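Working notes, beginning with the structure itself.
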Amino acid sequence: QVQLQESGPGLVKPSQTLSLTCTVSGASFSSRDYYWFWVRQPPGKGLEWIGFIYYSGTTYYKSSLQSRVTISLDSSKSHFSLNLSSVTAADTAVYYCARAPRKWEMQGGYYYYYIDVWGKGTTVTVSS
Amino acid sequence: QSALTQPASVSGSPGQSITISCTAISADVATYNYVSWYQHYPGKAPKLIIYDVNDRPSGVSNRFSGSKSGNTASLTISGLQTEDEADYYCASYASGTTLYVLGTGTKVTVL
């Protein structure tokens with residue numbers, strides 16, 4: 001059974017870089033069948049996707065966060081990471097990592113995806 | 001801007017059925033049948049309950065069902081139970097530079 005576990009500092013100072021790691025167990029991290037996501041939830045607000053990465057290292061970011069986000073992976077260690085630079089209080093949130101199966105749409109000839117497994121989340125507070 | 005709009009809250013009594021809507025406002029989401037739904041208890045990991053509009057993962061109660069008509073997807077919870085009180089989010093693959101969209105979320109209250 002696949003499990004994902006987020007880890008990293010719970011407190012980050014404004015203007016600094018938020019760095020989180022997601023450790024994957026119970027699944028082949030190098031599989032071509034999945035994307036690996038980061039999603040967050042600010043206090044009292046809804047879920048917001050941040051970006052995702054493919055086993056090849058190809059990354060995809062939400063356009064509004066693209067200038068500050070870097071997602072990377074270390075398949076030998078079965079983990080992927082999130083770096084979010086120049087943080088402000090608005091980046092305070094519960095951060096989730098997740099897995100998304102990559103499915104082939106035969107008629108359209110493209111891949112689509114949906115998140116099927118989530119980590120439990122880790123709270124990050126941006127404050128001086 | 002691409003978005004999936006959900007009602008902020010929906011409520012019902014035990015045993016009743018409720019429906020949560022998820023409306024796409026842009027073409028890069030509206031035309032696709034890749035809507036998924038998640039149940040989220042505060043402080044817990046969200047749980048996939050519907051994918052590909054109306055498919056249920058193994059182990060998910062058949063009280064949860066999905067559908068889609070035009071640019072609006074819907075999640076129906078039948079035989080409402082107190083344990084169904086949670087937040088529910090829809091999501092969808094999106095084409096072009098949008099890539100992925102999450103709904104605004106709906107709080108379900110069991111009266």
Side-chain angles (χ1 to χ4, degrees), chain A residues 1-6 22 34-54 58-66 69 71 93-123, chain B residues 1-9 20 22 26 28-29 31-60 66 68 73 75 86-107:
Chain A
Q1 181 180 355
V2 61
Q3 290 186 317
L4 295 90
Q5 178 67 58
E6 305 88 351
C22 179
Y34 301 105
Y35 291 114
W36 303 93
F37 267 74
W38 285 100
V39 178
R40 68 181 181 179
Q41 184 177 33
K45 296 187 177 182
L47 298 170
E48 177 187 30
W49 76 280
I50 299 168
F52 54 99
I53 190 166
Y54 191 42
T58 303
T59 52
Y60 307 84
Y61 302 133
K62 186 178 184 182
S63 56
S64 60
L65 297 170
Q66 186 165 8
V69 175
I71 297 176
V94 177
Y95 285 77
Y96 298 94
C97 60
R99 183 187 78 171
R102 188 169 172 256
K103 298 294 183 73
W104 179 247
E105 167 51 56
M106 291 182 60
Q107 280 193 331
Y110 54 83
Y111 287 98
Y112 71 97
Y113 35 86
Y114 59 89
I115 292 175
D116 69 340
V117 179
W118 300 69
K120 294 181 179 180
T122 188
T123 299
Chain B
Q1 183 175 357
S2 300
L4 294 174
T5 302
Q6 301 178 231
S9 62
I20 303 168
C22 169
S26 60
D28 55 358
V29 175
T31 55
Y32 295 101
N33 292 323
Y34 309 126
V35 179
S36 52
W37 289 90
Y38 302 90
Q39 179 188 59
H40 189 203
Y41 296 109
K44 303 291 186 182
K47 176 186 176 183
L48 175 68
I49 54 174
I50 295 287
Y51 66 98
D52 290 356
V53 174
N54 55 13
D55 286 335
R56 274 188 312 275
S58 175
V60 173
K68 185 172 182 284
L75 172 71
D87 297 321
Y88 291 82
Y89 293 88
C90 60
S92 179
Y93 160 88
S95 62
T97 58
T98 303
L99 296 175
Y100 189 68
V101 184
L102 278 158
T104 51
T106 299
K107 182 176 180 58

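Predicted model only: the values in this text are computed from it and were never measured. All chains are named by letter (A, B, ...) in the order of the sequence lines, taking the proteins before the strands, and each is independently numbered beginning at 1.
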Q. Looking at OG1 of B:T97 and CD of A:Q66, how far apart are the two atoms once the value is rounded to the nearest 0.5 Å?
A. 9.0 Å
**Q.** For A:Y96 against B:K44, the heavy-atom pair lying closest together
**A.** OH-O, 3.4 Å
(Q) I need the minimum non-hydrogen distance between B:L48 and A:I115, along with the two atoms involved. (A) CD1-O, 3.7 Å
Q.
Would you compute the distance between atom CG of B:D52 and atom OH of A:Y114 and round it to the nearest 0.5 angstrom?
A. 5.5 Å
Q.
Ignoring hydrogens and geometry beyond distance, is a side-chain donor-acceptor pair present between B:Y93 and A:E105 at under 3.5 Å?
A. no
Q: Indicate the atoms forming the closest heavy-atom contact of B:Y89 with A:K45, along with that distance.
A: OH-O, 3.9 Å
Q: With a 4.5 angstrom heavy-atom cut-off, could you sort out which part of A:V39 is near chain B: side chain, backbone, both or neither?
A: side chain
Q | Residue part contacting chain B, namely of A:L4, when any heavy atom lies under 4.5 Å | A | neither
Q: Identify which part of A:Y35 has an atom lying under 4.5 Å from any heavy atom of chain B, answering side chain, backbone, both or neither.
A: neither
Q) Centroid-to-centroid, B:Y100 to A:F52, below 6.0 Å? A) no
Q: Using non-hydrogen atoms and a 4.5 Å limit, figure out which bit of A:Q41 sits close to chain B: side chain, backbone, both or neither.
A: side chain
Q. Of the backbone (N, CA, C, O) and the side chain (C-beta and beyond), which part of A:Y110 lies under 4.5 Å from a heavy atom of chain B, both, or neither?
A. side chain
Q) Tell me, do B:Y51 and A:D116 make a side-chain contact under 4.5 Å, heavy atoms counted? A) no
Q. With a 4.5 angstrom heavy-atom cut-off, which part of B:P46 approaches chain A: side chain, backbone, both or neither?
A. both
Q: Looking only at non-hydrogen atoms, find the nearest pair between B:A45 and A:G119 and report the distance.
A: CB-O, 3.1 Å
